[in-house]
Engineer: 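My questions all concern the structure below.
Sequence lines set the chain letters: A, B, ... in the order given, protein chains first and strands last, and positions in each chain run from 1.
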Amino acid sequence: MPKRVGIEVSLAASEAACAADTDVVAAYPITPQTHIVEHLSELVADGKLDAEFVPVESEHSAMSVCVGSSAAGARTFTATSSQGLALMHEILFIAPALRTPIVMVVANRALSGPISIWNDHSDIMAERDVGWIQTFAENGQEVFDLIIHAFRVAEDPEVLLPIMVNLDGFTLSHVIEPIEMLSASEVKRYLKPYKPQMVLDPKKPVTMGPVGMPEVYTEAKRQIEALLQGSKKVVVKAWKEFAKHYGRTYKPIETYRMKGAEVVLLTMGSVSETAMTAVDRMWDKGMRVGLLRFRLWRPFPLQEFRRAMRGVKVLAVMDRAISYGGLGGPVFTEVRSALYGTFEQPQVFGFVAGLGGRDITVDMFEEMVKKAIRYAKRGKGPTYEMIGVRER
Amino acid sequence: MDAALKNFKKFTPKSLPKVENLAQGHRACQGCGEVLALRMALKAMGKNMIVASATGCMEIITSPYPQTAWEVPWIHVAFENAAAVASGIEAGRKALMRKGRIPKQRTTIVAMAGDGGTADIGLQALSGALERGHDFVYICLDNEAYMNTGVQRSSSTPYGAMTTTSPPGKLSMGQNTWKKNMPAIAAAHAIPYLATASPAYYTDLMNKAKKAALIKGPAYLHVYSPCPTGWRLAPELAVDISRLAVQTNVFPLYEVVDGQYILTKKIKKRKPVEDYLKLQGRFRHLDKKMIQEIQERIDRDYEALVQKAALSEVKGESAETEE
Ligand SMILES: Cc1ncc(C[n+]2csc(CCOP(=O)(O)OP(=O)(O)O)c2C)c(N)n1
Ligand code: SF4
Ligand SMILES: [Mg+2]
């Protein structure tokens with residue numbers, strides 16, 4: 001077994017792409033993703049990673065290069081954040097339609113305006129519907145592992161869809177953590193070389209990306225939807241295999257102290273560690289509070305989520321993104337919809353916090369839970385509210 | 001000069017290749033000069049190619065699923081990124097060849113787009129790909145407007161032309177800007193090969209396409225592509241108008257090889273631009289003064305081009321002269 005080394009999580013992400021023997025990296029720098037691409041170009045420059053590093057002139061081209069290289073049969077990796085992800089938006093929809101198993105790390109950051117380099121989830125939540133598998137990491141080890149896992153799932157002949165691995169910008173990307181780094185040869189046992197099903201090859205010409213007339217467009221869309229929904233089996237199976245090889249177990253949903261919990265706090269990404277402290281403190285005070293976070297966000301793990309929510313009376317959902325003019329944060333509206341009509345459906349309350357790098361404290365988590373309990377008792381509360389807003 | 005051009009064997013009308021990469025039965029309009037130019041360029045480059053296409057007329061007319069006119073591998077991703085997609089294909093194949101996962105064989109990577117996909121929305125991606133030096137051929141099929149979406153103006157639309165977004169009116173005489181010199185922009189990237197070409201001079205076009213494919217590194221072809229539909233031109237005149245464009249110096253034919261300008265078709269006595277304009281409905285509203293203005297601009301631009309060519313030392317390559 002490899003030993004743990006203290007390493008910046010960004011660099012560990014690059015090392016994971018390197019251990020996966022990536023063929024092509026095309027990326028454009030943006031804070032807080034920069035250390036990932038810098039380290040990858042170093043690995044290529046030092047001959048440690050045998051890949052083409054394409055220093056593109058924009059994220060739009062980064063994603064376009066990725067689609068081209070993946071369509072040519074190459075294992076392809078990229079990373080971005082915020083404005084860069086938004087600039088890719090147009091091409092993000094096309095990558096799954098062309099069945100290009102690109103792996104992309106997104107160092108989550110707020111979207112302009114105002115411009116902010118700090119962490120929240122507004123970038124990724126604007127890309128929920130693009131047809132990519134999406135996972136969220138909680139810590140550095142998970143970042144490394146989820147990247148290796150992503151290649152295996154994306155390239156599975158039953159999937160062949162691109163994957164985004166999300167990690168919180170700065171609060172996770174820039175911290176140094178002890179991480180068990182798998183070597184290329186260790187990864188090879190789990191991740192076989194990419195065998196594309198269809199490639200651009202003059203010996204076997206194919207037409208990729210044709211026009212979809214009204215007679216075929218709906219069917220094409222349904223096919224992508226079916227593939228994405230069906231990918232959950234492969235995602236879960238690949239995690240089980242991962243556990244067999246490397247001893248670390250991952251599931252679509254992570255829970256903490258759910259046994260006997262009446263109230264559940266739902267979070268995404270790396271804030272869960274602070275949330276755990278809050279949960280412990282609340283149990284100490286006699287409050288029965290559990291914690292739940294999605295590791296797999298697309299496809300949405302509906303059965304797993306409903307199962308986890310059995311017997312829960314109140315659910316407090318924290319969003320790190322705002323949906324202007326909508327019904328609450330994106331995670332909140334989705335989970336409430338997921339629970340609607342279920343037996344013993346809990347009361348669900350939404351909170352938006354931690355925007356653009358605003359700290360989320362243990363106290364804030366406690367505030368959300370207490371408010372949710374109060375609203376539930378009263379039988380009503382605001383659809384959603386923002387926590388930690390300075391009024392002056 | 002690239003070693004590949006040392007013993008370059010030219011096509012002649014008698015030695016045209018039989019290969020067809022673009023099948024018949026596509027959905028282009030009658031008399032479409034864009035698809036004609038495309039077909040000839042592709043013929044010249046042989047079967048060993050991969051094509052990345054931008055959105056536009058050529059993409060739409062060749063690929064309505066489940067049909068395809070493509071006999072070579074072809075990919076369409078979006079409107080503005082053909083050069084980036086081609087970069088990715090080239091980079092991917094390079095890595096796979098080096099790692100021994102595909103046979104080591106040079107394949108011509110072609111990116112193709114219209115004038116809108118090149119000079120406007122795709123200019124950044126093109127500039128990036130040229131600057132990075134990918135081994136590929138970029139073909140700009142210039143029909144001087146956004147035809148696919150219904151003849152809107154582009155930066156490549158000529159001065160005075162009527163389009164649906166540069167309509168003549170009480171306060172307008174049509175397009176009020178001069179055509180962007182896209183080949184000059186491409187040339188500014190110091191790429192090894194660049195040429196302008198016209199479907200009326202088909203052996204010239206095919207020879208240039210072949211050279212572009214043979215040369216290592218980025219090559220840029222700017223191809224005159226008459227669009228009877230958008231230009232309000234009789235469909236049977238597509239080839240005639242292409243010839244007139246050259247004879248009037250509206251669209252001069254030249255190469256830029258390693259920075260050296262070479263006129264490939266010298267015009268001894270140019271025809272008046274009016275001969276060219278009057279055949280096309282898009283110029284019908286022009287008055288004498290504007291035609292005079294256009295004539296002066298053409299003469300000045302051509303003179304500047306001749307000067308550039310004179311500065312270059314022409315080695316071995318002598319232009320054909322057209323009366
Ligand atoms: C991002 C984006 N903007 C606009 C369009 C609409 N559009 C599709 S093709 C096209 C014009 C194509 O013009 P050109 O590149 O000159 O090619 P042509 O059709 O004239 O051959 C436009 C505006 C699009 N598909 N994508
Ligand atoms: S609109 Fe013009 S360029 Fe497009 S297919 Fe018709 S003739 Fe060709
Ligand atoms: Mg056009």
Side-chain angles (χ1 to χ4, degrees), chain A residues 21-26 28 44 49-58 60-76 78 90-91 93-95 97-98 100 102 193-196 198-213 215-217 219-220, chain B residues 21 27 46-53 55 59-99 101-103 105 107-109 111 122 124-129 131-132 134:
Chain A
D21 192 24
T22 301
D23 299 317
V24 173
V25 178
Y28 191 81
V44 172
L49 171 59
D50 187 2
E52 285 297 306
F53 184 91
V54 188
V56 280
E57 82 299 331
S58 73
H60 195 283
S61 285
M63 190 40 61
S64 303
V65 166
C66 286
V67 170
S69 73
S70 187
R75 180 172 286 170
T76 304
T78 186
E90 183 198 24
I91 311 304
F93 281 94
I94 303 171
L98 296 183
T100 47
I102 300 156
Y194 174 35
K195 282 217 185 71
M198 228 219 278
V199 284
L200 296 168
D201 175 4
K203 294 219 174 60
K204 256 173 88 184
V206 289
T207 292
M208 291 174 87
V211 181
M213 299 302 223
E215 309 84 76
V216 301
Y217 184 86
E219 288 68 27
Chain B
N21 293 342
R27 301 183 184 193
K47 276 261 171 253
N48 180 18
M49 67 160 69
I50 298 173
V51 183
S53 171
T55 312
E59 167 259 334
I60 296 285
I61 61 125
T62 57
S63 79
Y65 185 85
Q67 296 168 341
T68 179
W70 291 94
E71 312 231 30
V72 286
W74 179 89
I75 183 170
H76 159 249
V77 181
F79 183 20
E80 63 286 71
N81 64 354
V85 175
S87 305
I89 297 167
E90 188 250 17
R93 290 183 56 84
K94 206 164 155 187
L96 293 177
M97 282 193 267
R98 193 171 60 230
K99 290 168 134 175
R101 294 225 297 280
I102 57 172
Q105 189 195 27
T107 292
T108 306
I109 312 295
Q124 172 180 318
L126 171 60
S127 175
E131 174 271 326
R132 292 189 299 268
H134 295 279

Engineer: Any chance the side chains of Glu57(A) and Ser127(B) put a donor and an acceptor closer than 3.5 Å?
Structural biologist: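 There is no such pair between these side chains.
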Engineer: Tell me the closest heavy-atom pair linking Ile50(B) and Leu200(A), and the distance in Å.
Structural biologist: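 What the structure gives for the nearest pair is CD1-O, 3.4 Å.
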Engineer: Taking side chain as everything from C-beta outward and backbone as N, CA, C, O, which of these in Ile60(B) sits under 4.5 Å from a heavy atom of chain A? Side chain, backbone, both or neither.
Structural biologist: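 Both the backbone and the side chain of Ile60(B) come within 4.5 Å of chain A.
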Engineer: Indicate the atoms forming the closest heavy-atom contact of Ala91(B) with Glu52(A), along with that distance.
Structural biologist: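 Distance-wise, the nearest heavy atoms are O-CG, 3.3 Å.
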Engineer: Side chain, backbone, both or neither: which part of Val72(B) has an atom under 4.5 Å from a heavy atom of chain A?
Structural biologist: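 Just the backbone, heavy atoms under 4.5 Å.
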Engineer: Main chain of Gly209(A), side chain of His76(B): is a donor-acceptor contact present, judged purely on distance under 3.5 Å?
Structural biologist: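 Confirmed, His76(B) side chain pairs with Gly209(A) backbone.
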Engineer: Which atom names give the shortest non-hydrogen contact between Pro64(B) and Met213(A), and what distance separates them?
Structural biologist: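 Taking every non-hydrogen atom into account, CB-CE, 4.1 Å.
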Engineer: If you round to the nearest 0.5 Å, how far is OG1 of Thr107(B) from CG of Asp201(A)?
Structural biologist: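 Answer for the CG-OG1 pair, Asp201(A) versus Thr107(B), is 8.0 Å.
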Engineer: With side chains defined as the heavy atoms from C-beta onward, is the minimum distance between Gln124(B) and His60(A) less than 4.5 Å?
Structural biologist: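 No; the side chains remain at least 4.5 Å from each other.
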Engineer: Is there a side-chain contact between Lys47(B) and Lys203(A) (heavy atoms, below 4.5 Å)?
Structural biologist: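 The answer is no, as the side chains (C-beta and beyond) never meet within the 4.5 Å cut-off.
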Engineer: So which residue, Val56(A), Val67(A), Val199(A), Thr76(A), ends up with the most heavy-atom pairs under 4.5 Å with chain B?
Structural biologist: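 That would be Val56(A).
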Engineer: How long is the gap from OG1 on Thr207(A) to CH2 on Trp70(B), to the nearest 0.5 Å?
Structural biologist: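 Result: 8.5 Å between the selected atoms.
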Engineer: Does any heavy atom of chain B fall under 4.5 Å from the side chain of Pro193(A), the backbone, both, or neither of them?
Structural biologist: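 For Pro193(A), no heavy atom lies under 4.5 Å from chain B.
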Engineer: Of the listed residues (Pro202(A), Ala74(A), Gly212(A)), which shares the most heavy-atom pairs with chain B below a 4.5 Å separation?
Structural biologist: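 Of Pro202(A), Ala74(A), Gly212(A), Pro202(A) has the most heavy-atom pairs under 4.5 Å with chain B.
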Engineer: I'd like to verify something: which residue of Glu80(B), Gln105(B), Glu59(B) has the highest number of heavy-atom pairs under 4.5 Å with chain A?
Structural biologist: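 If we count pairs closer than 4.5 Å to chain A, Glu80(B) comes out on top.
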Engineer: Please classify the contact between Ala71(A) and chain B as side chain, backbone, both or neither, with a heavy-atom cut-off of under 4.5 Å.
Structural biologist: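 Looking at Ala71(A), just its side chain touches chain B.
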Engineer: Give, as side chain, backbone, both or neither, the part of Thr100(A) having an atom under 4.5 angstrom from any heavy atom of chain B.
Structural biologist: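 When you check distances to chain B, no heavy atom of Thr100(A) falls under 4.5 Å.
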Engineer: Report yes if some heavy atom in the side chain of Asp23(A) is under 4.5 Å from a heavy atom in the side chain of Arg101(B); otherwise report no.
Structural biologist: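 Asp23(A) vs Arg101(B): side chains touch.
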Engineer: Out of Arg93(B), Arg98(B), Glu131(B), which one racks up the most heavy-atom pairs below 4.5 Å with chain A?
Structural biologist: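 If we count pairs closer than 4.5 Å to chain A, Arg98(B) comes out on top.
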Engineer: Tell me every residue that passes side-chain contact (heavy atoms from CB on, under 4.5 Å) with His134(B), counting only those two or more places apart in sequence or in another chain.
Structural biologist: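 Only Val54(A), Ser87(B), Glu90(B), Ala129(B), Arg132(B), Phe136(B) meet the side-chain contact (heavy atoms from CB on, under 4.5 Å) criterion with His134(B).
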Engineer: So which heavy atom on Ala125(B) is nearest to which on Ser61(A), and how close?
Structural biologist: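 So the minimum-distance heavy-atom pair works out to CB-OG, 3.7 Å.
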Engineer: If every non-hydrogen atom of Ala84(B) is compared with every non-hydrogen atom of Ser64(A), which pair is closest and at what distance?
Structural biologist: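 Scanning both residues completely, I find the closest heavy atoms to be CB-CB, 3.6 Å.
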Engineer: How long is the straight-line distance from CG of Asn81(B) back to CD1 of Ile94(A), given to the nearest 0.5 Å?
Structural biologist: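 Rounded to the nearest 0.5 Å, the CD1-CG separation comes out at 7.0 Å.
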Engineer: Would a distance-only check, ignoring hydrogens and angles, find a side-chain to backbone donor-acceptor pair under 3.5 Å from Ser63(B) to Val211(A)?
Structural biologist: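 Yes; judged by distance alone, with no hydrogens or angles, the pair exists.
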Engineer: Would you call Lys99(B) and Asp50(A) a salt bridge, using N to O less than 4.0 angstrom?
Structural biologist: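 Salt bridge between Lys99(B) and Asp50(A), a charged N being under 4.0 Å from a carboxylate O: no.
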Engineer: Which answer fits Val24(A), side chain, backbone, both or neither, if we ask what part of it has an atom under 4.5 Å from a heavy atom of chain B?
Structural biologist: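 Just its side chain gets close to chain B.
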Engineer: With sequence neighbours left out, what residues match Tyr65(B) under side-chain hydrogen bond (donor to acceptor under 3.5 Å, both in side chains)?
Structural biologist: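 Listed in chain order: nothing, the list is empty.
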Engineer: Looking only at heavy atoms, which two atoms of Ala78(B) and Ile91(A) are closest? And how far apart?
Structural biologist: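 Looks like CB-CD1, 3.7 Å.
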